[in-house]
Amino acid sequence: MTIESKKDAGKLILTITGRIDTGTAPKLEEILKESYDGITGLVIDLAKVEYISSAGLRVLLSAQKTMNRQGSMKVINVSEQIMEIFEITGFTDILTIE
């Protein structure tokens with residue numbers, strides 16, 4: 001998994017490539033925790049994510065909870081496979097998906 005990070009005027013955009021699973025989710029969580037200060041908008045681009053495990057879902061849930069307190073978060077460019085996982089797990093009700 002690779003993560004490209006772009007910060008601009010209180011907004012953070014993370015573009016993730018690869019798989020978000022038990023091996024890579026801690027890296028995503030660490031990057032998010034280091035980036036929350038001063039952020040009021042978080043955008044997570046999943047266009048190039050081919051798989052997300054329960055560990056990855058947990059990181060997204062944690063990010064959503066944090067951003068609920070300090071701004072907003074949205075997930076963009078979700079593939080059919082990832083959207084199906086979000087629907088089965090109920091994440092479509094938790095996350096703002098565009």
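For reference, positions follow the sequence shown, starting with 1.
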Side-chain heavy atoms of [X] within contact of [Y], under 4.5 Å:
X: L28; Y: I44; answer: no
X: I94; Y: T89; answer: no
X: V75; Y: I82; answer: no
X: I20; Y: L46; answer: yes
X: L12; Y: S5; answer: yes

Is there a donor-acceptor pair under 3.5 Å between the side chain of [X] and the backbone N or O of [Y]?
X: Q70; Y: I39; answer: yes
X: D21; Y: T24; answer: yes
X: E98; Y: K74; answer: no
X: S62; Y: R58; answer: no

Indicate if [X] and [Y] have the same hydrophobic cluster label, given that clusters are the connected sets of ILVMFWY residues with side-chain heavy-atom separations under 4.5 angstrom.
X: L60; Y: M1; result: yes
X: Y51; Y: V78; result: no
X: L61; Y: M83; result: yes

Check this for me: [X], atom [atom1], are more than 12 non-hydrogen atoms of other residues, nucleotides or ligands nearer than 6.0 Å?
X: K65; atom1: NZ; value: no
X: E50; atom1: CD; value: yes
X: K27; atom1: NZ; value: yes

Check: Between S79 and V49, what is the shortest heavy-atom contact and its length?
Finding: OG-O, 4.1 Å
Checklist line | Shortest non-hydrogen contact between F86 and L57, atoms and distance | finding: CE2-CD2, 3.6 Å
